[in-house]
Number of protein chains: 4
Amino acid sequence: MRSESVPAGRTFLEEARRAQIIGCAIDTLAAEGYSRATMARIAERARVSKSVIVYHFATKERVFEQVVAEVFQSATDALRPHLDAETTPADKLRAYIAGRVQFLSTHQAHMLALFEIWMNLRSDDGALRMSEADAESTVDAIEQLLAAGQASGDFGDFSARVMAMAVRQAIDGVLLQLRVDPHLDLDEYARELVALFDRATRRTS
Amino acid sequence: MRSESVPAGRTFLEEARRAQIIGCAIDTLAAEGYSRATMARIAERARVSKSVIVYHFATKERVFEQVVAEVFQSATDALRPHLDAETTPADKLRAYIAGRVQFLSTHQAHMLALFEIWMNLRSDDGALRMSEADAESTVDAIEQLLAAGQASGDFGDFSARVMAMAVRQAIDGVLLQLRVDPHLDLDEYARELVALFDRATRRTS
Amino acid sequence: MRSESVPAGRTFLEEARRAQIIGCAIDTLAAEGYSRATMARIAERARVSKSVIVYHFATKERVFEQVVAEVFQSATDALRPHLDAETTPADKLRAYIAGRVQFLSTHQAHMLALFEIWMNLRSDDGALRMSEADAESTVDAIEQLLAAGQASGDFGDFSARVMAMAVRQAIDGVLLQLRVDPHLDLDEYARELVALFDRATRRTS
Amino acid sequence: MRSESVPAGRTFLEEARRAQIIGCAIDTLAAEGYSRATMARIAERARVSKSVIVYHFATKERVFEQVVAEVFQSATDALRPHLDAETTPADKLRAYIAGRVQFLSTHQAHMLALFEIWMNLRSDDGALRMSEADAESTVDAIEQLLAAGQASGDFGDFSARVMAMAVRQAIDGVLLQLRVDPHLDLDEYARELVALFDRATRRTS
DNA sequence: CATGAATGAGCCTTCATTCAT
DNA sequence: AATGAATGAAGGCTCATTCAT
C-alpha cells in the first residue's frame, strides 16, 4: 500500500528499528516536550544506545522529519475513509471534525509530538521549519472544503480562510485540553464542535 | 494595585532594569523561539551582561514567570475597558474577540512570547508549568461570559466550556497565522471571527 | 609597542589567561600532535576546564589561529634584528639561515605547533587553511632576498623560487630532525646549512 | 621477493581487495588529509562496507602501515633502475634527485599519503610511529651516497648527514609546493634542484 | 549594582571497533 | 568473504548558574 514506508533499500529489520525509534521519539516528545526530547532520552526509551539512532537516521533533524511524515500519514489515512463516505459539504465538514477529534483520542501522543515539532523545530537561521508546509496543507484542505460548500450554496457567506483556521484551531485545542485533563469526554467534545461549526457555516435563510 | 510588580524593596532604577530585561526576553522569545531564548541572547539584546539578569531575577525560570505575569497584566488591562463598555452578553463577546485580536496586533511579540513559554516551560519533573494557570484563567473567563449569556437567554444551547475553548483557540490561531504572514488584514479577521461566533452562539429561534 | 597583542577591550588578566592557553595549546600540539590536541587535553595541561578555553576563544579554530599568529609574531620579531644587522645579500642569507635555526632551538615547541597546524588545519570544505598564507609569506621573503642578490650580482644564476623553497625546507628539516633526536648539535647544523647555501648561491666565476 | 606482500595464506582475490583498499586509503589521505581519512570515508571511496576493511586489515593502524609499506616499495622499485644506471657518485646523486622528483609527479597521491601518515600516525602513548623508520632509511641512503662520494674525492667537504637531510627536504618540499600549485613545472624544478646540489656538493678546486 | 571569569552537565555527532549472521 | 547493526568513548560546543570582585 504505502510504498513509501518500505523503500527499496530497507530490510524488514531495519524498518522495524526505524519504526521503533520513531515511536519512542513520538512518546518522548509527547511526554517530555521538545526541549527534553534529546537523542539520549529517545534512545533511553528505546533501550538502545544513542548511536543506534544516528546509525539509522544520521541526524536528530531527520528523526523529527520522519516523525512528522509518520504522523501526517497516519492522520491522512485515518481520515480519508470517513471523508469519502460523505457527499454533501456539510456532512464532509462534520466528518472532518469528528474524524479529527477521534484521531486525537486514539493518537494523542502522535499529535502532541507533531505539535511540539511544529512549534519548535527551526533551521539554523532561526526560521521555523514546519509552519509553512503544515499551515498550507491542513488549513488549505479545510478551506477548499468550505469554499466548495459555499459555491454549491450549502454554506453561507463567510471568509473560508478564517473559518478554516477556526476549525483547525478548535480541533488542536482539544489536544491542548487533553494535556491538562486526560480524561476529557471526547465524544461530547466532538458533538459540540460539530454543532458549533454547523451553526457557524449554515446558510442563513 | 499591582502589589507584586513594585514591592517595597525595589528602587525605581531596579524596576526599570527589570522592565528592560523582561522586554528583551519577550522580544527574544518572539523572534527566536523558546530554545534560542537563552540568558546570553536575552542579555545581548539588552546590551547587558548575563550576570545582570541573574542579579535581578536569580533564575531563567523567574524571568519567564515575570514575562508571563507582564503579558497577562497588559492583556487584562487592555481588554477591561472594552469589556466594561458593553452590557449585553453578545456585545461583551464581540468586544472580547475584537479586543483580543486588536491586542494581538499591537502586542504581537508579547503574545508570541507568552505562547512560547506556555508551550515549553516545564518544571524539573517534566510537567508543564503554565498550562493550568492559563487554561484556568483565560478559558474560564470566556466560559463565564457565555454561561451568563445562556442564563439570560441571549445565547442558545451549547457547551459553554467547548465554545469558550473554541473562542480562545480561534484567537490564538490569529497569532500563529501572523507568524506565517505578518501582513495579515487583522480587521477583516476580527470581523469574521466576531460574525462566526455570533452565529455559533445565537439562540436559534 | 605591539599594539596588537593587547587590544583595547582586553584586560591584563584576560590577556594573561589567553597567553597561558595559547602556550598550553602550543605545548600540546608539539608534544602530542594535531589529532591529540583536543580542547580537553589543552585544558588539562592548563589545569583549567574546557569551558575556560571556549570562554576566551569561542572556538578551537580560533585558538589555533591565535597559535599561528603568536608563532609568526615571535619568529618575525626574533629574526628582524639579525637580518637588519647585515647589508650584503650573502650576509643576509647567512643571517637568515642561522637566525631561523637558532629560533628553532629556543622555540622548538612553537615551531612544531605551527607545523602541525599548517599541515592539518582544514576548513569545513576540506581545503587546507594555512598553506597559502604561510607559503606566500615565508618563501616569498627568502625569494625576494635571493632575487635582490642576483640583481646586484652577488648571487649566481638559479631559480630564486626553487632555491628559496630549498632553504625553507632545509630549515624545517632541522625541526623534524629535532623531533627524532632532541640533542642535535644545532650550531653545527646551522654552520653546515650556511655553507651549503653559500656554495649553492655563489656566483660561479 | 616481497615476502611480506603475498604470504602463503592469501588468495589472489584477497590480495586484490587489499590492494584496492590500500589504493583508496592513499587517495583519501592525499585528497582529504589525515584526520578526514576515516574508515568510513576510505570504504566509501572503495564502494565497500567498512567491515570489509576491518576484515582484511583488522585495524586502521594496520591499513596505514600497509600504505607506508606500499609507497616505500613503489618508490624504491621506481628509483632503483635509475640509480643503478649511473656509476659516479655525482651522477648517482643527480639521478636520485631527478628520479625522486619524477616519482612525485607520477605518484603524487602516494607521496602525500605517506607524508600524512608520517606526520600524524602515533601509537597509543603519543609517540610518532613512522618518523624513525623513515628518517633512518631515506636519509641514511642519501647520506651513504654522499659519504661514498666524499671518500672517492668526487664531493667536497661537508657534513654528509646535513647535506642528506637538505636533499631529502628539498624533494619533499616539491610535494608541499604541488599541494598549493598542482600545475607546477616539475621538469624545471628537478633541473634546478640537481644544479643546486651539484654546486653544493662539488669539490671546490 | 554590575561584571567577568569559571564551571559542569548535557547536547549532537563522529568514529574505530565488535559481533552475529 | 562480506555485511549490517550496534556500541562506547571521545570530540567540540552551549548553557544556566556560581562566585569573587
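Side-chain atoms are counted along with the backbone in the values below, which use heavy atoms only and exclude waters and symmetry mates. Note on naming: letters A, B, ... go to the chains in the order of the sequence lines (proteins, then strands), and numbering restarts at 1 for each one.
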- Does a nitrogen or oxygen in the side chain of B/Thr11 sit under 4.0 Å from OP1 or OP2 of E/dC1? yes
- Taking the side chain of D/Val54 as its heavy atoms from C-beta onward, which of F/dA5, F/dT18, E/dT18 lies nearest to it? E/dT18
- Note on the structure: Sequence neighbours excluded, the answer for salt bridge (Lys or Arg N to Asp or Glu O under 4.0 Å) partners of C/Arg17 is none
- Message: Measuring from the side chain of C/Thr38 (C-beta onward, heavy atoms only), which nucleotide among E/dT17, F/dA2, F/dG12 has the closest atom?
- Response: F/dG12
- Taking OP1 and OP2 of F/dC15, is either one under 4.0 Å from a side-chain nitrogen or oxygen of B/Ser35? no
- Whole-Å distance, D/Lys50 NZ to F/dG4 P, equals 11 Å
- Query: Whole Å only: how far is the CZ atom of D/Arg47 from the C1' atom of F/dT3?
  - Reply: 18 Å
- Between F/dC19 atom P and B/Ile53 atom CD1, what is the distance in whole Å? 19 Å
- Task: May I ask you to verify if any side-chain N or O of B/Arg41 is less than 4.0 angstrom from the OP1 or OP2 atom of F/dT14?
- Result: no
- Using Watson-Crick or G-U wobble pairs with both distances under 3.5 Å, give me DNA chain E in dot-bracket, 5' to 3', with [ ] for crossers and | for pairs to another strand. .||||||||||||||||||||
- Hey, which of these two, C/Ala40 or B/Thr59, hits DNA chain F nearer its 5' end, going by closest nucleotide? C/Ala40
- Winner on side-chain proximity to D/Val52, out of E/dA16, F/dA2, F/dA6, is F/dA2
- Query: How many Å lie between CZ on C/Arg17 and C1' on E/dT7, as a whole number?
  - Reply: 12 Å
- Which nucleotide in F/dT17, E/dC12, F/dC13 has an atom nearest any side-chain atom of C/Lys60: F/dC13
- Nearest of E/dT7, E/dT17, F/dC13 to any side-chain atom of C/Val48? E/dT7
- Item | Separation of atom CZ in C/Arg36 from atom P in F/dA9, rounded to whole Å | 17 Å
- Closest non-hydrogen atom pair, A/Cys24 against A/Ile42: CB-O, 4.0 Å
- Note on the structure: Judged by nearest nucleotide, the residue sitting upstream toward the 5' end of DNA chain E, B/Tyr55 or B/Ser49, is B/Tyr55
- For the pair B/Glu44 and B/Arg36, find out whether any cationic side-chain nitrogen is under 4.0 Å from an anionic carboxylate oxygen. no
- Query: For C/Ala58 and A/Leu13, take the nucleotide of DNA chain F holding the closest heavy atom to each; which residue's nucleotide lies nearer the 5' end?
  - Reply: A/Leu13
- Rounded to the nearest Å, what distance is computed from the CD1 atom of residue B/Ile21 to the P atom of nucleotide E/dC1? 12 Å
- Using atom types as modelled and distance alone, determine if a side-chain donor or acceptor of A/Glu15 lies under 3.5 Å from a backbone N or O of A/Arg10. no
- Query: What's the CE-C1' distance between A/Met39 and F/dA6, to the nearest Å?
  - Reply: 14 Å
- Query: Given F/dA2, is OP1 or OP2 found less than 4.0 Å from the side-chain N or O atoms of D/His56?
  - Reply: yes
- D/Ser51 side chain: which of E/dT7, E/dC11, F/dT3 is closest? F/dT3
- Message: Between C1' on F/dA16 and CD1 on B/Ile42, what's the gap in Å once rounded to a whole number?
- Response: 11 Å
- Flag, side chain of D/Glu116 to backbone of D/Gly33, donor-acceptor distance under 3.5 Å: no
- Message: Please tell me whether D/Thr28 and D/Arg41 have a donor and an acceptor in their side chains that are separated by less than 3.5 angstrom.
- Response: no
- Note on the structure: Rounded to the nearest 0.5 angstrom, the CE-OH distance for B/Met119 and B/Tyr34 is 11.5 Å
